[in-house]
Amino acid sequence: AEGLGEDFKVEEIGNKDTGKVFECISKSQTYRKIQTPVPGRYQAQNAALAIRALEFVAANNHRSLDEAKVRDALQNTRIPGRFEMVNEDPVVILDAAHNPDKIASLTTGLKRLYQPDEVVFVCAFTSGRNPRDLFLPMLEVSRTFYLTRSIVGFREDEEPLYLKHFLVSVDFEVTAHIALDPFRALDLAMYEAQKQRKVVCVTGSAYLVGYVRQRWYPEHSLLRFEEG
């Protein structure tokens, strides 16, 4: 079990491509086989923290916590762009990790689910990032990268060619492709992943993830307009 403080701890039971199963042990009770569709150890920790917060709220209002509703809420939680699987063949995962801590959490989750070099990365970084801090954890998971841009007018991207040179200088076995159009990079990565039975992970920039997510969830389908 992983202690997160004096109030509660988390014990992992299982990992899935599409979620996580864990137990939350609090001062009040033990919640067994909690399921959340969002993979990643930190998501189990976040869910456990939410449970403990609800216990405090319920106690302060002299009410009991409805465990069935808690389970239902967690089981139906969706976080767009956070280890979000949007395609099955090949598997495509979108994760808006854009700093060293988030990248480390992402790669930890990928290593738990997939074999080394089973992942193909599509990535872009906004300027000002240290590529070493971002790429080194990713190299533990994959040596295949499709480098692109995030296509955001008000933020500059790190040049894909610069990122490619950095990757090759760190690991000569890296295969780094450049496709300036994000959808082109995605298509190439998906084609390679499908042929080699690999997994595509789009990451490095929330802007990039939001942009390519439109392939599956177009903006016009998400926006609703009401007549005045």
Side-chain angles (χ1 to χ4, degrees), residues 17 38-40 42-43 78-88 90-111 113-114 118-168 170 174-194 198-223:
D17 286 0
V38 186
Y42 68 97
Q43 297 294 1
R78 299 290 185 273
I79 306 177
R82 288 296 185 191
F83 218 109
E84 180 185 17
M85 189 174 76
V86 293
N87 202 76
E88 292 185 358
V91 170
V92 177
I93 295 170
L94 306 181
D95 194 291
H98 59 279
N99 60 47
D101 288 341
K102 297 296 184 185
I103 290 287
S105 295
L106 168 63
T107 54
T108 297
L110 290 171
K111 286 189 287 187
L113 294 172
Y114 304 109
E118 193 179 354
V119 176
V120 176
F121 281 116
V122 176
C123 59
F125 302 130
T126 53
S127 61
R129 308 291 181 185
N130 184 337
R132 176 175 294 276
D133 294 340
L134 300 170
F135 276 134
L136 291 185
M138 297 170 76
L139 286 169
E140 297 177 11
V141 179
S142 175
R143 287 182 172 83
T144 305
F145 292 79
Y146 285 83
L147 306 171
T148 186
R149 300 177 298 180
S150 57
I151 312 294
V152 178
F154 54 88
R155 291 295 299 269
E156 292 186 2
D157 293 313
E158 291 289 2
E159 284 295 330
L161 185 59
Y162 163 69
L163 298 177
K164 178 178 180 177
H165 287 163
F166 174 81
L167 278 169
V168 174
V170 171
V174 164
T175 301
H177 308 275
I178 294 176
L180 297 182
D181 178 76
F183 286 119
R184 175 64 174 163
L186 176 65
D187 288 338
L188 291 171
M190 290 179 67
Y191 179 75
E192 178 172 346
Q194 194 162 39
K198 292 187 176 183
V199 174
V200 175
C201 180
V202 182
T203 190
S205 165
Y207 302 112
L208 172 65
V209 167
Y211 188 80
V212 302
R213 192 175 185 271
Q214 295 179 80
R215 168 70 59 85
W216 293 273
Y217 302 98
E219 285 184 353
H220 66 80
S221 69
L222 300 176
L223 297 174

4.5 Å side-chain heavy-atom contact, [X] and [Y]:
X    : Y    : result
Y207 : D157 : no
P131 : Y162 : yes
L167 : L139 : yes
F83  : L110 : yes
M138 : C123 : yes
C201 : V120 : no
F166 : R132 : yes
M85  : V92  : no

- Excluding sequence neighbours, so at least two apart, what forms side chain to side chain donor-acceptor pair (under 3.5 Å) with K164?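 Side chain to side chain donor-acceptor pair (under 3.5 Å) list for K164, sorted by chain: empty.
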
Compare every heavy atom of [Y] with every heavy atom of [X], then report the nearest pair and how far apart it is.
X    : Y    : value
S205 : S150 : OG-CB, 3.6 Å
V209 : G81  : CG1-CA, 3.9 Å
P100 : D133 : CG-CB, 3.7 Å
A206 : A96  : CA-CB, 3.8 Å
A179 : T148 : O-OG1, 2.7 Å

Distance, nearest 0.5 Å, that separates [atom1] of [X] from [atom2] of [Y]:
X    : Y    : atom1 : atom2 : result
I103 : F121 : CD1   : CZ    : 7.0 Å
L188 : I178 : CG    : CD1   : 12.5 Å
R82  : L106 : CZ    : CG    : 9.5 Å
E118 : L113 : CD    : CG    : 9.5 Å
R213 : E84  : CZ    : CD    : 4.0 Å
N99  : T126 : CG    : OG1   : 10.0 Å

- Message: Quick check on Q214: does its CD atom have over 12 non-hydrogen neighbours (other residues, nucleotides or ligands) under 6.0 Å away?
- Response: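 Atom CD in Q214 is packed in, count exceeds 12.
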
- Message: Which label fits F183 and Y211: parallel for a plane angle under 30°, tilted from 30 to 60°, or perpendicular past 60°?
- Response: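 Tilted, since the angle between the ring planes falls between 30° and 60°.
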
- Item | Passing candidate, side chain to side chain contact (heavy atoms under 4.5 Å, CB included) with F125, options L163, N130, L147 |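 Answer after filtering L163, N130, L147: L163.
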
- Report the C-alpha distance between Y146 and V200 in whole Å, list the side-chain angles of each, state the deciding distance to 0.1 Å, and finish with yes or no for side-chain contact (heavy atoms from CB on, under 4.5 Å). CA-CA 10 Å; Y146 285 83; V200 175; over 6 Å; no

- E140 bridged to K111 by N-O distance under 4.0 Å: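 Judged by the 4.0 Å cut-off on N to carboxylate O distance, E140 and K111 do form a salt bridge.
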
- What's the verdict on side-chain contact (heavy atoms from CB on, under 4.5 Å) for Y191 and D187, showing C-alpha distance, side-chain angles and the deciding distance? CA-CA 6 Å; Y191 179 75; D187 288 338; over 6 Å; no

